[in-house]
Amino acid sequence: MDYLVLAAILLGVLLLAGVGLVVPRLRRQPPLPPAPPTPPGGLQPQEPPPLEEGDRSVGITVEERPPAPPTEPEQAPAEPVAPAPPVLERPEPTAGRLVRLRTRLSRSQGLLGKGLLNLLSRDRLDEEVWEEIEESLISADVGIDATREIVDRLRERTRVLGTRSATELRTLLTEELVAALDPQLDRALNTAGEPSVVLVVGVNGAGKTTTCGKIARVLVADGRTVLLGAADTFRAAAADQLTTWASRVGAEVVRGPEGADPASVAFDAVKRGIDTKVDAVLIDTAGRLQNKVGLMDELGKVKRVVGKHGPVHETLLVLDATTGQNGLEQARVFTEAVEVTGVVLTKLDGTAKGGIVIAVQRKLGIPVKLVGLGEGPDDLAPFDPAQFVDALMGVESRGTDA
Ligand code: GDP
């Protein structure tokens, strides 16, 4: 009998304990309270704070926020630490950037500017001098065809005008270099779309991801809103890199898991851009140096899939200026794979071969729209032929965009 009473009491206690454990789990909780401001110096992410009852809100998934360990539910609640609001940067205005960055072309200036002027200021402009001028231009990567054309025209004009002074010769050479860059071409980024969709293509290492980040800053500096699509899904670091660039200017990033289909990430990015009504969607693509068929297939698919939302407004080819004439060969493969509408020439600060701009423009027949002149976030400048040639020649700029 005693045993029966004891067993009944034990059963009762167990039942009560069970109900106590289950009921709080089933209770629907109110949403998270607004986060209090973060104290200065408290920005380092720490261990996630123990969850309060109210923290187990409906919308938070297990992946977003893990549940508190069941052994310590009754501890005194800690102050919730809100993630630090990102400190948004204000990108530098685009006007005058090329003038600011002109000194970065100093290595090219040595070759083109000073060298040529020395030759041109000699007493006699004989055959030997003209050959040396040709060599200087070719060494600066202007390209053989463009060099011949420039020198032929220069010779003709000096003959007709009877030019002898170094200053006049410099003016004539400057004019010829500007003319070789086709100054009438429209170099503005096409921002007519709602949103404008910009595909950024090029081989790995050319500076594509960096350029996407810098272009985002250019657009933000010009008062536009931007979304970035991380369609280089073969390199997890590329998506991380892009996310860092985006967070600095408050832009959103759409990314997929590593190895995801680049076309589907690009599609989602444009969709999100349409939904959130941003002005521009920039899509960073993968740049594996594969065979032409593979490249065409991949980029063609990205463009086709994105095209379901509307047109792609710009396809920018990023080229590393330090790769010189080899880069031109790679560029040709890309121009055959997709319709490239503009070139971004990066790393012009790292080469003495600034003349590559002329070669690229003439060989590809596509306007150089932007130039990269350093690793700093605002070291990307809209390309202006007259200012660029002035900088190459080491003369004071006309400052048309300043
Ligand atoms: P991706 O593989 O084409 O996406 O290339 P990344 O954007 O990762 O850039 C490769 C490297 O080039 C990075 O170290 C960049 O900082 C560097 N880079 C990009 N643009 C420039 C530039 O204009 N000047 C210099 N000096 N470095 C650059």
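First listed ligand is number 1; within each ligand, the first listed atom is number 1. Every value quoted in this text rests on a predicted model; they were computed, and no experiment measured them.
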Do any nitrogen or oxygen atoms of [X] lie less than 3.5 angstrom from nitrogen or oxygen atoms of ligand 1?
X      : value
Leu348 : no
Asp379 : no
Thr209 : yes
Asp284 : no

With no hydrogens and no angle check, is any side-chain donor or acceptor of [X] less than 3.5 Å from a backbone partner on [Y]?
X      : Y      : value
Thr346 : Leu319 : yes
His313 : Thr191 : no
Arg187 : Leu370 : no

Hey, which atoms in ligand 1 end up nearer than 4.0 Å to a heavy atom of [X]?
X      : answer
Arg235 : 1 (P), 2 (O), 4 (O), 8 (O)
Glu375 : 14 (O), 15 (C), 16 (O), 17 (C), 25 (C), 26 (N), 27 (N), 28 (C)
Gly372 : 23 (O)

- Query: If you measure from the Lys or Arg side-chain nitrogens to the Asp or Glu carboxylate oxygens, is any gap between Asp378 and Arg100 under 4.0 Å?
  - Reply: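 Result for this pair is no, no salt bridge flagged.
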Taking NZ, NE, NH1 and NH2 as the nitrogens, is one of them in Glu127 or Arg155 under 4.0 Å from a carboxylate oxygen of the other? yes
Discussion item. Given Thr210, Val200, Asn204, Val318, identify the one with the heavy atom nearest to atom 7 (O) of ligand 1.
Written reply: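 That would be Thr210.
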Heavy-atom proximity to atom 22 (C) of ligand 1, picking from Gly287, Gly374, Gly376, points to Gly374
Val218 vs Arg97 side-chain heavy atoms within contact, under 4.5 Å
yes
What part of [X], side chain, backbone, both or neither, has a heavy atom within less than 4.0 angstrom of ligand 1?
X      : result
Lys214 : side chain
Val203 : backbone
Leu373 : backbone

